[in-house]
Participant: 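Below: one structure in structure tokens.
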There are 2 protein chains.
Amino acid sequence: MTQIDDMPGHLVRRFQQIAVAVFHAEVADAGFDLTPVQYAALVSVNAHPDIDQVTLAGLIAYDRTTIAGVVDRLVQKGFLTREVSDRDRRARVLRVTDAGLETIGNITPAVEEAQKVMLGGLTDEEARAFLRLLRKATDAANDLSRAPLRTSSTDATADGRIRAK
Amino acid sequence: MTQIDDMPGHLVRRFQQIAVAVFHAEVADAGFDLTPVQYAALVSVNAHPDIDQVTLAGLIAYDRTTIAGVVDRLVQKGFLTREVSDRDRRARVLRVTDAGLETIGNITPAVEEAQKVMLGGLTDEEARAFLRLLRKATDAANDLSRAPLRTSSTDATADGRIRAK
DNA sequence: TCAAGATTGACAGTATGCTGATAATCAGTG
DNA sequence: CACTGATTATCAGCATACTGTCAATCTTGA
């Protein structure tokens, strides 16, 4: 017997695989074709209109080289627009389209169902305990990743832009 | 505020990213260049000499189309050999080389350290509780993934081959 | 104001993971 | 033995993720 099966890293990898598979299944059942990552990006842009890609990446803990492809696909699906910013010509400003907004509204039940299904093996109490510990461990180790979460402690600035730290 | 930050799927994705980053960092510090996935495959082949790729995939919950690339890289690094089986000419029989064996022996402390680091935000008791719940949730949802874990309930057969279920 | 440094986005390259298809081979049945 | 169905591996194609590099642009300080 290898001890691999009991290593946190290996278990997390397995659970993540399951989480993605469950998300796909529930979302496909509901008639949508969105990945977990695309969903997170879409919802976050909706919550922060005119956000730029780097700030978006920080809000959902993506690598900034990954976000480009994700946004590409969302633009291609017609759920996002990407335009050069007036204020900073390096930045691309993101915005949810009407189609994107409609998708967000209709897909949410499937997404929430997926969260329940992936924790189906735990009692409600266990699920709460698990989530609390998962959040604590993740937050504590946040900066060990190249793509740490960068929540806006300050609120959105006048232009809707979020500043990290 | 989006509620994304509290979704188990999103948290797991973040924690998995952290786990991989920590693994890379610790292993690189120790002077090695192995990914988490490659490490799991290497250790598992070592525990089950002459295993074929599908059985190996089941032991560590990889998709069978993923395992081919992983094994390719391990063969290229000189850690594994892959030969056509005598008994079943469809199957490729895997075996750890001396270099692979040496790597396993020397890399293990770094791998174990990585497991501690990624759980650094939890007390020992919390870490135990977290692992128990993670294992329970993962095992319960095992079959929801395309790449479920297939532990050998029966032991290795005469030829070292593991039969699932 | 202008030069140095930081930031934004993009690209190339590598490594998981997945879906779906195919070829080669094996096992079981009539 | 021939046929059918299952199994093993591979391939093409797509979607995360990462490292490292680069050009364009902004910001800051001398």
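Only heavy atoms go into these numbers, but all of them, side chains included; no hydrogens, no water, no symmetry mates. Convention: sequence-line order gives letters A, B, ...; per-chain numbering from 1.
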Participant: Within this structure, what is the CG-to-C1' distance between L80(A) and dG9(C), rounded to whole angstrom?
Facilitator: 16 Å
Participant: Report the C-alpha separation of D52(B) and T55(B) in whole Å, then their side-chain angles, then the decisive distance to 0.1 Å, and conclude whether the side-chain hydrogen bond (donor to acceptor under 3.5 Å, both in side chains) test is met.
Facilitator: CA-CA 6 Å; D52(B) 67 292; T55(B) 311; 2.5 Å; yes
Participant: D52(A) has a side chain; which of dT8(C), dT25(C), dT16(D) sits nearest to it?
Facilitator: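 Side chain of D52(A) sits closest to dT8(C).
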Participant: Between I60(B) and S44(B), which heavy-atom pair has the shortest distance, and what is it?
Facilitator: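 Looking at all heavy atoms of both residues, the closest pair is CG2-OG, 3.2 Å.
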Participant: Quick one: I67(A) CD1 to dT8(C) P, roughly how many Å, whole number?
Facilitator: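 One finds 13 Å between P of dT8(C) and CD1 of I67(A), rounded.
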Participant: Between Q115(B) (side chain only) and V111(B) (backbone N and O only), is there a donor and an acceptor less than 3.5 Å apart?
Facilitator: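 Checking the backbone N and O of V111(B) against the side chain of Q115(B), a donor-acceptor pair under 3.5 Å is found.
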Participant: Could you give the CZ-to-P distance, from R73(B) to dA15(C), as a whole number of Å?
Facilitator: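 About 5 Å, once rounded to whole Å.
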Participant: Which part of the nucleic acid does S145(B) contact within heavy-atom distance under 4.0 Å: base, sugar-phosphate only, or nothing?
Facilitator: sugar-phosphate
Participant: Check whether any side-chain nitrogen or oxygen of R87(B) sits under 4.0 Å from OP1 or OP2 of dT7(D), and answer yes or no.
Facilitator: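 Answer is no, no contact under 4.0 Å.
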Participant: Rounded to the nearest angstrom, tell me the gap between atom CG in D72(A) and atom C1' in dG9(C).
Facilitator: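 Atom-to-atom, D72(A) to dG9(C), this comes out as 11 Å.
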Participant: What is the separation between atom CG on D86(B) and atom C1' on dT8(D), rounded to the nearest whole Å?
Facilitator: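 Roughly 16 Å, once rounded to whole Å.
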Participant: Quick check on contacts: within residues 13-40 of chain A, what sits under 4.0 Å from DNA chain D by heavy-atom distance?
Facilitator: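 When residues 13-40 of chain A is checked for heavy atoms under 4.0 Å from DNA chain D, the hits, listed by number, are T35(A), V37(A), Q38(A).
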Participant: Between D124(B) and K116(B), is the salt bridge (charged side-chain N to carboxylate O under 4.0 Å, His left out) condition met? List the steps.
Facilitator: CA-CA 10 Å; D124(B) 286 355; K116(B) 287 192 197 109; over 6 Å; no
Participant: Taking donor-acceptor contacts at under 3.5 Å, does the side chain of R90(A) reach the base of dT25(D)?
Facilitator: yes
Participant: Please work out whether the ring planes of F15(A) and F130(A) are parallel, tilted or perpendicular, with thresholds of 30° and 60°.
Facilitator: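 Judged by the thresholds at 30° and 60°, the geometry between F15(A) and F130(A) is perpendicular.
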Participant: Between D63(B) and A68(A), which residue's closest nucleotide on DNA chain C lies nearer the 5′ terminus?
Facilitator: A68(A)
Participant: So what does R89(A) hit on the nucleic acid, given a heavy-atom distance under 4.0 Å: a base, only sugar-phosphate, or nothing?
Facilitator: sugar-phosphate
Participant: Would you mind reading off the distance between R146(A) atom CZ and dT14(C) atom C1', rounded to a whole angstrom?
Facilitator: 13 Å
Participant: I need the single residue from R132(A), R135(A), R128(A) that forms a salt bridge (Lys or Arg N to Asp or Glu O under 4.0 Å) with D6(B). Which is it?
Facilitator: R135(A)
Participant: Just the rounded figure in Å: distance from C1' of dA23(C) to CZ of R92(B).
Facilitator: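 After rounding, the gap between these two atoms is 11 Å.
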Participant: R64(A) has an atom CZ; how far is it from atom P of dT21(D), in whole Å?
Facilitator: 12 Å
Participant: Does a side-chain N-to-carboxylate-O contact under 4.0 Å join D139(A) and R14(B)?
Facilitator: yes
